[in-house]
Amino acid sequence: MSEESQILKQRRQKAEELERLGVDLFPNDVPLPERAGAIKKVYEGYDNEALEKVEDTFRVAGRIMALRRFGKAAFFTIKDASGSIQIHIMRDRVGKDRYQIFKKFDIGDIVEVEGRLFRTKTNELTIEADRIRLVTKSMRPLPEKYHGIRDKELRYRRRYEDLIMNQEVAETFRARARIIQMLRHYFTSNGFLEVETPMMQSIVGGATARPFVTHHNALGIDLFMRIAPELYLKRLLVGGFERVFELNRNFRNEGISLQHNPEFTMLEFYEAYATFKDLMVRTEELFAQIALDIKGSTRFTYQGNEIDMTPPWKKMTLRESLVEVGGISESELDDKEALNVRLEGLGVEMGRDLVLGKYLTKLFDLLVEPKLMQPTFITHYPTDISPLARRNAKDPSVTDRFELFISGREIANAFSELNDPRDQKRRFEEQVASRGDDEEIPPEVDYDYIRALEIGMPPAAGEGIGVDRLVMLFTDSPSIRDVIFFPQLRPEGGRRSP
RNA sequence: GGGCCGUUAACUCAGUCGGUAGAGUAUCUGCCUUUUAAGCAGAGAGUCGCUGGUUCGAGUCCAGCACGGCCCA
């Protein structure tokens with residue numbers, strides 16, 4: 001190891017000095033302390049006169065965030081999970097020896113303090129320390145106190161420092177936890193069973209995406225990290241569970257962007273005897289509830305744009321959206337050649353003989369999606385790009401499916417489920433046959449899934465909700481990385497596989 | 001994958017025309033018992049992302065690479 005920086009050396013030396021003075025740097029006999037936030041809440045309205053009548057002492061523990069010393073006395077602020085509180089310490093009160101030890105404490109150390117409450121000249125509620133003890137010695141300095149940690153790379157790599165220094169980051173992740181709790185509560189209280197299905201699958205399915213491949217040594221087979229839990233959840237419908245949901249990670253071996261992390265959290269739920277239209281109502285209801293809880297209103301701003309989640313939301317067919325929002329003429333919609341010319345005009349090179357749906361959805365991605373700010377259900381997706389969705393009874397070239405867009409992003413995807421095993425088998429086989437070297441299409445038909453459908457799956461509808469994107473929306477976060485504690489980054493030092 | 005920008009002390013950032021590496025915070029020493037970005041006086045702290053090149057001389061110019069950010073695909 002190279003020469004350590006001066007600042008680390010000083011911390012280490014100070015720690016050794018404390019140990020020589022008999023101070024335990026990492027004790028493990030600290031009784032559960034009181035929370036700073038709770039104390040502040042209770043004594044909010046007390047002035048000094050009222051506080052003098054409070055005879056109790058309060059024992060708190062937390063990280064020293066700021067420290068202002070004055071020779072024989074000092075003020076410092078400690079922060080715990082509930083908030084922070086100021087401490088005043090005087091040599092003449094804690095004793096000369098204890099004060100000498102306190103002088104060796106640093107910003108970043110975790111300390112335990114006990115004492116009575118008072119208010120300073122500037123009216124700040126403060127604990128006058130009778131006792132102070134080191135709880136955990138910090139061997140490394142915290143980032144600069146005023147600017148905190150700004151460098152985005154460092155914030156993602158060292159999320160622990162980001163969480164200490166940037167209050168709003170902790171708030172975002174508390175909101176995330178709350179949203180996930182609400183999702184879970186909504187489904188369990190509506191009779192859905194929470195289930196867990198394989199994340200390592202021997203046949204990929206349930207979506208169109210490149211999977212991560214791994215290898216099982218004992219079985220001697222390659223396995224794929226799941227890109228979606230869909231086919232397993234529907235097997236559970238066959239098995240007799242009529243309402244199921246799973247809230248967990250999917251993995252897709254694709255690019256990283258403001259909206260994409262290789263592992264991301266998805267909620268999928270399936271409901272027997274429901275159709276995609278029922279799911280629209282559920283989605284409106286669920287999102288509106290979350291908005292009310294987190295934002296206090298179904299109207300709020302995201303990145304400067306007003307979003308109105310008050311149900312009901314706008315509904316359009318894919319074709320309508322291409323004409324009305326995308327500015328494509330009705331006559332072009334069935335003309336692959338014309339659509340391809342459009343795409344080339346937008347700088348997109350696509351193959352010549354793809355299915356019509358591919359051209360339509362690509363144009364949608366470019367011309368329509370970014371403009372859908374308000375919650376909008378887009379329906380009637382072509383059957384040729386919806387291999388798991390039920391055909392529309394009136395027009396079998398489209399499916400009973402919707403995708404939900406908010407703020408120019410896809411948030412959810414839902415459809416009435418295809419439960420005719422004959423049609424499903426045909427669509428799988430066509431898909432695999434047309435695969436070529438497109439790694440996004442599963443290379444193999446999941447015949448066991450067909451077998452399950454042959455046993456009989458009740459009519460049902462299912463939906464997937466991108467939880468990270470939902471959290472972004474409700475926490476006004478511009479990047480998916482702001483709502484994932486440890487987003488994927490290249491390893492430091494540029495280590496790469498050959 | 002492409003374009004643009006960034007990478008300098010633990011952190012936040014300056015660094016002019018190529019000529020001895022700077023500030024604030026943090027740290028250390030001294031003073032200081034109501035501060036809250038405390039104050040005053042002093043001190044220490046650098047592989048200027050990495051590797052080459054040009055040059056008498058490179059943080060600065062050039063090339064390649066690494067990592068990141070933003071935009072586009």
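Residue numbers begin at 1 in each chain, while the letters A, B, ... track the order of the sequences.
A/Y99 comes within 4.0 angstrom of nothing in the nucleic acid, heavy atoms only. Contact annotation for A/G148: backbone-only contact, meaning every heavy-atom pair under 4.0 Å involves sugar-phosphate atoms and none involves a base. Residue-level contact check: A/L258 touches the backbone only, with heavy atoms under 4.0 Å from sugar-phosphate atoms and none from bases.
Closest to the side chain of A/T120, from the set B/C70, B/U12, B/U35, is B/U35. Between B/A45, B/A26, B/U35, one nucleotide has an atom nearer to the side chain of A/Q6 than all others, and that is B/A45. Nearest nucleotide to the side chain of A/V348, out of B/U33, B/C67, B/A73: B/A73. In this structure, the nucleotide among B/U33, B/G68, B/U34 sitting nearest to the side chain of A/R157 is B/G68. For A/D92, the side-chain atoms get nearest to B/U33 when compared with the rest of B/C11, B/U33, B/G68. Ranking B/U34, B/U25, B/C28 by closeness to the A/K14 side chain, first place goes to B/C28. Between B/U35, B/A10, B/U12, one nucleotide has an atom nearer to the side chain of A/Q86 than all others, and that is B/U35.
Exactly one residue among A/D151, A/D482, A/D162 makes a side-chain hydrogen bond (donor to acceptor under 3.5 Å, both in side chains) with A/Y156. That residue is A/D482.
Residue side chain A/F70 fails the stacking definition with respect to B/C32, as its ring centre and the base's six-membered ring centre are not both under 5.5 angstrom apart and under 30 degrees in plane angle.
Residue A/R158 places at least one side-chain N or O closer than 4.0 Å to OP1 or OP2 of B/C11. At least one side-chain nitrogen or oxygen of A/R490 sits closer than 4.0 Å to the OP1 or OP2 atom of B/G68. Residue A/R140 has no polar side-chain atom (N or O) positioned under 4.0 Å from OP1 or OP2 of B/A10. Between A/K152 and B/G6 there is no side-chain N or O to OP1 or OP2 distance below 4.0 Å.
Across the strands present, B/G44 finds no partner; the criterion is a Watson-Crick or G-U wobble pair with both atom distances under 3.5 angstrom. Across every strand in view, B/U54 sits unpaired, with no contact that passes the Watson-Crick or G-U test at under 3.5 angstrom. Nucleotide B/G6 is matched to B/C67 when pairs are restricted to Watson-Crick or G-U wobble geometry with both distances under 3.5 angstrom. Across all strands shown, the partner of B/G39 is B/C31, judged by Watson-Crick or G-U wobble contacts whose two distances both fall under 3.5 Å.
Comparing A/R11 and A/I149, the nucleotide of RNA chain B nearest to each residue sits closer to the 5' end for A/I149.
Side-chain contact check for A/V471 versus A/T265: every heavy-atom pair is 4.5 Å or farther apart.
Listed by chain and residue number, nothing satisfies the side chain to side chain donor-acceptor pair (under 3.5 Å) test with A/T301 (two or more places apart in sequence, or in another chain).
A salt bridge does not link A/R435 to A/D438: none of the charged nitrogens lies less than 4.0 Å from a carboxylate oxygen.
A cation-pi arrangement is found for A/R69 relative to A/F102, the charged atom lying closer than 6.0 Å to the ring centre and inside a 45° cone about the ring normal.
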